[in-house]
S.K.: 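Handing you this structure, nothing more for now.
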2 protein chains.
Amino acid sequence: MRILLIEDDESLADGITTALRHQGHAVDHAGTGREGIALALAARPDLIILDLGLPDQDGIETLGVLRHRGVDSTVMILTARDQLSAKVQGLDAGADDYLTKPFAVDELLARLRALERRSGASRSAEIQVGNVVINTASHEVLLNGEAVKLSRREFSLLRALAERPGHILSREQLEDKLYSWGEEVASNTVDVHIHNLRKKIYPEFIQTIRGVGYKLGPGR
Amino acid sequence: MRILLIEDDESLADGITTALRHQGHAVDHAGTGREGIALALAARPDLIILDLGLPDQDGIETLGVLRHRGVDSTVMILTARDQLSAKVQGLDAGADDYLTKPFAVDELLARLRALERRSGASRSAEIQVGNVVINTASHEVLLNGEAVKLSRREFSLLRALAERPGHILSREQLEDKLYSWGEEVASNTVDVHIHNLRKKIYPEFIQTIRGVGYKLGPGR
DNA sequence: GGGGAAATTAAGGCAAACTTAAGATTCCGG
DNA sequence: CCGGAATCTTAAGTTTGCCTTAATTTCCCC
C-alpha cells in the first residue's frame, strides 16, 4: 500500500515510517500541510495519515483542500486526546478515522488494516483467493493449509494483487505500491518477484495479461 | 439506517439507543451475544455496534460467529480504553472500527457518518451485449458464461465496439482507439483482428456495413 | 460479369515476459 | 559493532506470443 504521512514531529514521523515500511508499505513523508498536499497530488497514495497539529496551516484546512482537489484517498487523522471537537470536525470534513496521541504503533497498524479492508473486498484480516489464504495481520500465507514462506517484497506484491482478485494491476501500479518516492527501481524487479512467487505458490495463481499487467487467477 | 446494538449495560444502551433514534435510525437492542447473533441474522442490520465486555460470551467470539454466518454488516466495537490487545484482535477479526469507553455520543455519531460515507460507490466494470459479457477490469470476456481468451488488440477492439452497441465505427475510428499517436498502422490490421474475433466469438456478432465500418449485432 | 471491398491465410519480425545468476544491500544475532 | 545469511536489484540471454504485413480468395453490388 502507498501511504503518505503528514507529520511535523521528526522523531515520531521516523518511527511511524519505519514501522510502516517494515510492513511492506511504501511511505512518503511530508513535514508541512503544503508539502503534504503537493505529495498527495503527485503520488496518489492509498492512505493519508494527517497530524492535526501542523505548523504552517491547520490540519482540518489541509484536509479540506485535499478533498476539494479531488484526492479521495482514505484519511486517518492524528490528534491530541482532549481535542474532541477537533476530532468530530475532522471526521465531518472527510476523514475516515482518527487516532488519539499518544498511541502504540501496533494500534496504528491494526487501524490501518481495518481501514484497508473497509475499502477492499475482504471483511476480516484474511483474504482468501482460491486455495490460498493471506493473513494481512500476521503476514502468513497458506496454500492448502500449509504455510508458504514469503519475503517482505513478495508478500507486499501478493497483498496488492489479492486486494482485488481478478483485477489487473500494471507493473507501474505495483511498483507504486511497493516503493516510496526516492526509492524507485529501474529494472524488472517486479517481474522477478512475480516469478519467485509463482515458484513458491504455483504458476497459474498469478496470471499475466500481456501488455497490461498481472492479476490473481482462480484456484488450480 | 438499521442498527443493532449489542450491549449489556442497560443505562448506556438506553442512552445510545435514544441518541441514534433521534438521528432517524432504526435501532434494535440485544443484551447478550447470543441474542445479538439471533437478531443480526433476523434483522440484517446495516451496522452493528458490539460491546466487547459481554457477560455470556466473549465479544470477539460473537464477532467471529457473525462473520462466519455471513453477516457482512459494518461492525463498530466498543472497548475499554486500556484493552489495546482486545482492540487489535477485534479489528483483525473483522470489525470496521472501534470506540473506547467512555466516549461522547457526539463522537459516536460522527464516526457513524464517516463509516456511512465509506460504504458507497463501487460501480461495475462490465459491459453486456447479447450473450457476451465484457469485463474491462479483468479483461475477461464471457460467451454464454464461458471464458473466451482474447489478445490485447482483440480486446481493445471489442471494447471499443461494445461501448456503443449498434453504433457503426469506421476502420479509421477503430484504429484511433487501438493505436496511440505515432504508431499508426498501414495495412488491414483491423480486418484481421475482426476476423479473429469472429472466429473466437461467433461471426454474426460483429456485422460489416460495407463501405462504412463495423458494429456489434444482436445475440445469435 | 466486372470491379472494388472485405475475408482469409500464413509467415516473419519484434517486443513483452521469463529465467537465471551475480553483485549489492539489508537484516539479525552475537 | 561486526559478520554471515537472507533478500533485493540489476542485467543479460532466452523464450514466447502476438501483431502486422501482404498476397490471395471470396463476396457484393452495380
S.K.: A/Tyr214 near the nucleic acid: base, sugar-phosphate alone, or nothing, with a heavy-atom cut-off under 4.0 Å?
M.R.: sugar-phosphate
S.K.: Starting from C1' on D/dC19, measure out to CZ on B/Phe155 and report it in whole angstrom.
M.R.: 18 Å
S.K.: Taking atom CD of B/Glu172 as the centre, does the number of heavy atoms from other residues, nucleotides or ligands within less than 6.0 Å exceed 12?
M.R.: no
S.K.: Give a yes/no answer on whether the side chain of A/Arg152 brings an N or O atom under 4.0 Å of OP1 or OP2 in C/dC27.
M.R.: yes
S.K.: Measuring from the side chain of A/Arg210 (C-beta onward, heavy atoms only), which nucleotide among D/dG17, C/dT8, D/dC8 has the closest atom?
M.R.: D/dG17
S.K.: Could I get the full list of ring pair (Phe, Tyr, Trp, His ring centres under 6.0 Å) partners for B/His167, not counting sequence neighbours?
M.R.: none
S.K.: D/dT20 C1' sits how many Å from B/Asn196 CG, rounded?
M.R.: 12 Å
S.K.: Atom CG of A/Leu197 to atom P of C/dA17: distance rounded to whole Å?
M.R.: 17 Å
S.K.: Separation of B/Ile209 atom CD1 from D/dC28 atom P, in whole Å?
M.R.: 13 Å
S.K.: At how many degrees, to 10°, do the end axes of the helix from C/dG1-D/dC30 to C/dG30-D/dC1 meet when each uses five pairs?
M.R.: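 About 50°, once rounded to a multiple of 10°.
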S.K.: Give a yes/no answer on whether the side chain of A/His195 brings an N or O atom under 4.0 Å of OP1 or OP2 in C/dT19.
M.R.: yes
S.K.: Compare the minimum distances between each of D/dT10, C/dA7, C/dC28 and the side chain of A/Val192, then state the nucleotide with the smallest one.
M.R.: D/dT10
S.K.: Does the side chain of A/Asp9 pick up a donor-acceptor pair with the side chain of A/Ser11 at under 3.5 Å?
M.R.: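 Note: A/Asp9 and A/Ser11 side chains meet the donor-acceptor criterion.
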S.K.: Is the phosphate of C/dA5 approached by B/Thr208 (side-chain N or O, under 4.0 Å from OP1 or OP2)?
M.R.: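 Answer is no, no contact under 4.0 Å.
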S.K.: Would you give the length of the straight line joining atom OG of A/Ser170 to atom NZ of A/Lys215, rounded to the nearest 0.5 angstrom?
M.R.: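 Rounded to the nearest 0.5 Å, the OG-NZ separation comes out at 15.0 Å.
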S.K.: Within this structure, what is the CG-to-P distance between A/Leu178 and D/dC8, rounded to whole angstrom?
M.R.: 10 Å
S.K.: Give a yes or no on whether the backbone of B/His193 and the side-chain of B/Arg153 come within a donor-acceptor separation of less than 3.5 Å.
M.R.: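 Not confirmed, B/Arg153 side chain does not pair with B/His193 backbone.
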S.K.: What nucleic acid atoms does A/Ser151 come within less than 4.0 Å of, heavy atoms only: base, sugar-phosphate, or nothing?
M.R.: sugar-phosphate
S.K.: Return the nearest nucleotide to the side chain of A/His193; candidates are D/dT10, D/dC8, C/dA17.
M.R.: D/dC8
S.K.: Side chain of B/Ser187 only, heavy atoms from C-beta on: which candidate in D/dT21, D/dC18, C/dC18 is closest?
M.R.: D/dT21
S.K.: To the nearest Å, how far apart are B/Ile206 CD1 and C/dA6 C1'?
M.R.: 14 Å
S.K.: Would you check if there is a donor-acceptor pair between the side chains of A/His29 and A/Glu35 at a distance under 3.5 Å?
M.R.: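 A/Glu35 vs A/His29: no donor-acceptor pair found between side chains.
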S.K.: Between P on C/dA17 and CZ on A/Arg198, what's the gap in Å once rounded to a whole number?
M.R.: 10 Å
S.K.: Figure out the CG/C1' separation between B/Asp191 and D/dT21, and round it to whole Å.
M.R.: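 In whole Å, D/dT21 C1' and B/Asp191 CG are 12 Å from each other.
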S.K.: Between B/Lys149 and D/dG17, is there a contact of a side-chain N or O with OP1 or OP2 at under 4.0 Å?
M.R.: no
S.K.: Can you see whether B/Arg171 engages B/Tyr214 through a side-chain donor-acceptor pair at a distance of less than 3.5 angstrom?
M.R.: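 Their side chains do contain a donor-acceptor pair, which is all the 3.5 Å distance test asks for.
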S.K.: Checking A/Arg198 against A/Thr208: is there a side-chain donor and acceptor pair closer than 3.5 Å?
M.R.: yes
S.K.: When the nearest nucleotide of DNA chain C is assigned to A/Lys199 and to A/Arg171 on a heavy-atom basis, which residue is associated with the more 5' position?
M.R.: A/Arg171
